[in-house]
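One structure, as structure tokens, below. Some questions next.
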Amino acid sequence: MSGPGWNDPYNQGWNDPNQGYGGYGGQGPGYGYGPPGVPNSGGGAPGSTIAALVCTSVATAMCCNILAIPGIVTSAMALNRHKTDPRSARSLTMWSWVIFGAAMFVYLAAIIVAAVIDARTPDYYDTSGI
């Protein structure tokens with residue numbers, strides 16, 4: 001357990017190659033720090049996919065923008081495919097953002113059209129002339 005000329009005072013097995021780091025044994029890939037410059041192999045979902053899911057969900061829930069529902073579906077599909085088929089997941093994420101942008105454009109255009117129509121409509125309830 002100890003190297004030549006040095007005794008491990010806490011008996012943690014630092015010099016035993018079969019014990020791994022700190023005497024806890026090897027935990028398999030995806031655990032620990034790994035070599036420098038190499039990302040951890042565990043990996044989570046891509047940030048853009050999660051952001052698309054959150055943005056389309058908020059647009060649907062807060063703005064009653066039902067046109068964003070297909071964006072929720074495509075981003076959820078991308079989250080499910082990001083480990084098995086990354087190319088398809090990137091494509092679905094891109095389409096989620098396109099759907100979100102188009103839904104927001106239609107929503108804002110509808111608000112602008114409603115505001116213009118409201119501004120051009122005469123106010124029949126104005127009592128200032130009486």
Side-chain angles (χ1 to χ4, degrees):
M1 281 290 256
S2 64
W6 183 72
N7 290 326
D8 187 2
Y10 300 107
N11 196 22
Q12 293 183 356
W14 294 105
N15 294 329
D16 188 0
N18 296 324
Q19 291 247 330
Y21 294 106
Y24 295 113
Q27 295 176 349
Y31 292 98
Y33 294 109
V38 177
N40 191 349
S41 64
S48 180
T49 306
I50 293 173
L53 180 63
V54 169
C55 289
T56 53
S57 298
V58 168
T60 302
M62 302 299 275
C63 304
C64 299
N65 194 347
I66 60 171
L67 298 176
I69 292 175
I72 295 172
V73 172
T74 54
S75 57
M77 289 171 59
L79 277 175
N80 286 333
R81 293 185 188 178
H82 86 278
K83 284 188 179 180
T84 58
D85 191 5
R87 188 174 185 185
S88 172
R90 280 190 299 273
S91 177
L92 285 168
T93 300
M94 187 259 320
W95 279 110
S96 297
W97 283 113
V98 168
I99 292 168
F100 173 71
M104 292 308 291
F105 176 77
V106 169
Y107 182 72
L108 292 175
I111 289 175
I112 292 170
V113 167
V116 168
I117 290 172
D118 185 48
R120 300 181 116 215
T121 305
D123 191 9
Y124 294 112
Y125 301 107
D126 186 16
T127 58
S128 63
I130 297 176

Reported CZ-to-OG distance for the pair Arg90 and Ser48, which is rounded to 0.5 angstrom: 11.5 Å

Thr49 side chain reached by His82 side chain, heavy atoms, under 4.5 Å: no

Considering all heavy atoms, the nearest Thr74-Leu92 contact: O-CB, 3.7 Å

Spatial distance of atom CD1 (Ile72) from atom CE (Met77) [nearest 0.5 Å]: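 The distance works out to 14.0 Å.
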
Neighbour count >12 (heavy atoms, 6.0 Å) for atom CD1, Ile66: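 Result for CD1/Ile66: open.
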
Verify same cluster id: Met62, Val54 (apolar side-chain graph, 4.5 Å): yes

Common cluster, Val58/Val73, ILVMFWY with side-chain heavy-atom separation under 4.5 Å: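 Cluster IDs for Val58 and Val73 differ.
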
Smallest separation among heavy atoms of Leu53 and Ala76, with atom names: CD1-N, 4.4 Å

Counterpart residues, ring pair (Phe, Tyr, Trp, His ring centres under 6.0 Å), relative to Trp97 (two or more places apart):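 Testing Trp97 for ring pair (Phe, Tyr, Trp, His ring centres under 6.0 Å), a comparison that skips the adjacent residues, returns Phe100.
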
Nearest-0.5 Å distance, CD1 of residue Ile99 to CD1 of residue Ile69: 11.5 Å

Test item: Asn65 side-chain N/O and Ala103 main-chain N/O as donor-acceptor pair under 3.5 Å: yes

Nearest heavy-atom neighbours spanning Ser96 and Thr56: O-CG2, 4.2 Å

